[in-house]
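Heads up: the structure comes next, in structure tokens.
Start at 1 and go down the list; that is how both ligands and their atoms are numbered. Predicted, not measured: the structure shown is a model, and the values here were computed from it.
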Amino acid sequence: MNSKNFNTLPLSQEMLTNLNEIGYKEMTPIQGESLPLILEGKDLIAQAKTGSGKTAAFGIGLLSKLDVKKFRVQALVLCPTRELADQVAKELRMLARFTHNVKILTLCGGAAFGPQLGSLRHGAHIIVGTPGRILKHLNKDSLSLENLETLVFDEADRMLDMGFIEEIEKVLQYAPKERQTLLFSATYTDEIMAISDSVQKDAVSVKTIETESVNKILERFYEAQNGDKLRTLVKIFATYKPENVIVFTNTKIEAKELAENLQKQKIDALAIHGDLEQYERNDVLVQFANKSCPVLIATDVAARGLDIKELSMVVNYDLPHTEETYTHRIGRTGRAGQEGIAITLYDSYEIQKALEYKNEVRIFEDADSLKKENGFEMKPQYVTLVIEGGKKDKVRAGDLLGALTGDAGLAGSSIGKIDIYERQSYVAIENAKIQQAHERLKNGKIKGKKFSVWIL
Ligand code: ADP
Ligand code: MG
């Protein structure tokens, strides 16, 4: 029997069927190493690179232990950012599909406090959130960890980087001593070991960094003078023709300006950076993920924890400051066995620093070998429609699909990704059909109710 099979684990038949349905045919290396131990109830400290399937490792673990009939918080997942928390919650919901009524709640800063209080009053089994906001709820007694069984630190290294240590220590004072604690991190530092010592008992350490199959990523470096960078970037797009691409800049001002300049060149780009309001970030991320915008310009902080599936290309518009940043950035492409492209630009005065990156797979090429950019455009496949109604209004993907394909007469193939949030929903609509979809949804009803609808 293949030891990578999920069915070698003590999992319920429903869980096995679900894993098969969502396309998880076999365990990733980190899942193979960690799941047997997690399911035995051991404390675990696990290190594996980005995109290796850590979420499902702890997700399957905590869901297997969950007693759905007991309507109490039994698992808490601490994350560094709200984007990551949203992604973790999404994956957990997917993994929990087979059990009815598992309630998963995200509690993050930057979101309104009041609605969170309301949701907490209704109860939850699993909480995913950022340390600061979780602590606030604990302090106000709106959240109780009395029945906690599993505590997870996801991207623990990032949480430390972001200075969450004090909040984490205070959160721990509310957690029962008898519990399973799982700690995930991309790097192993003294600080991480110190945290492990203080929050875990006889933790087993699992590492897959060396044994894991390497992502297939084509890595290329090009020299581009400062004044010529924009043109070189467009040439790169024209040469490699990525379907979707994240361009990293070192500053948020640069991110903003670059997005504007690309738009002037008929390359559809949006920027995500620390100055955006939560709803603006969300609008941008949704459009990028649902193929309504092919180019995302981001700073490292803004892109933390972001997991866009099938990202074809990453560009370092500026030379990253460290090897670690470089690896982290390019690790977003070429996931799950698909080949990715990672391009790095450097100015001639940075040549020394750039050469430090050079190795047998990182090839330095002449920018003259790139295609001419004349008239090159990048347009999205879809346009996003926003509906001012979400989970709170009991709007479901099926309702929107029904309203669009039934009343609005669109073919199912004209509709892309649907994202439902608390108060809003987003639907990707094929370019040519956007007016038709907008008109019909605006004038029609969803679940017998009228909602405001607009085009992003
Ligand atoms: P990490 O947290 O290690 O960076 P994620 O948990 O976000 O990685 O997983 C990366 C991607 O791999 C996700 O899109 C996830 O759905 C997918 N994935 C996880 N486990 C499996 C599996 N066993 N088989 C196939 N895909 C998987
Ligand atoms: Mg992760």
Q | Atoms of ligand 1 close to Phe6 [distance to a heavy atom under 4.0 angstrom, numbered from 1] | A | 23 (N)
Q) Quick one: does Gln87 get within less than 4.0 Å of ligand 1, heavy atoms only? A) no
Q) Numbering the atoms of ligand 1 from 1, which are under 4.0 Å from a heavy atom of Lys54? A) 1 (P), 2 (O), 3 (O), 4 (O), 6 (O), 8 (O)
(Q) Heavy atoms only, cut-off 4.0 Å: how does Gln31 contact ligand 1, side chain, backbone, both, or neither? (A) side chain
Q: Provide the number and element of each atom of ligand 1 under 4.0 Å from a heavy atom of Glu26.
A: 22 (C), 23 (N), 24 (N)
Q: For the pair Tyr222 and Tyr346, evaluate ring-ring contact (aromatic ring centres under 6.0 Å, His included) and give the outcome as yes or no after the intermediate values.
A: CA-CA 7 Å; Tyr222 295 96; Tyr346 61 92; 8.9 Å; no
Q: Counting heavy atoms only, name the option from Ala57, Gly331, Gly51 that's nearest to atom 4 (O) of ligand 1.
A: Gly51
Q: Check whether NZ of the Lys or CZ of the Arg Lys103 lies under 6.0 Å from the centre of the six-membered ring of Phe71 and within 45 degrees of that ring's axis.
A: no
All N/O donor-acceptor pairs, side-chain side in residues 128-136, below 3.5 Å, sequence neighbours left out:
unit_1: Thr130; atom_1: OG1; unit_2: Gly109; atom_2: N; d: 3.2
unit_1: Arg133; atom_1: NH1; unit_2: Ala111; atom_2: O; d: 2.9
unit_1: Arg133; atom_1: NH1; unit_2: Gln116; atom_2: OE1; d: 3.1
unit_1: Arg133; atom_1: NH2; unit_2: Ala111; atom_2: O; d: 3.3

Q: Kindly identify the option in Tyr24, Phe184, Phe58 whose heavy atom sits closest to atom 19 (C) of ligand 1.
A: Tyr24
Q | Exercise: do His137 and Ser142 side chains pair donor with acceptor under 3.5 Å | A | yes
Q. How are the rings of Phe6 and Tyr24 set relative to one another: parallel (under 30°), tilted (30 to 60°) or perpendicular (over 60°)?
A. parallel
Q. Do any N/O atoms on Met27 end up under 3.5 angstrom from N/O atoms on ligand 1?
A. no
Q) Does ligand 1 have a heavy atom under 4.0 Å from the side chain of Lys49, from its backbone, from both, or from neither? A) backbone
Q.
Any donor-acceptor pair under 3.5 Å linking the side-chain atoms of Tyr174 with those of Asn139?
A. yes
Q.
Rounded to the nearest 0.5 Å, what separates atom NZ in Lys252 from atom NZ in Lys256?
A. 7.5 Å
Q) Quick one: do the Gln31 and Lys4 side chains pair a donor with an acceptor below 3.5 Å? A) no
Q. Which atoms from ligand 1 have a heavy atom of Thr55 less than 4.0 Å away?
A. 2 (O), 5 (P), 6 (O), 7 (O)
Q) Is Lys25 in polar range of ligand 1, meaning some N or O pair under 3.5 Å apart? A) no
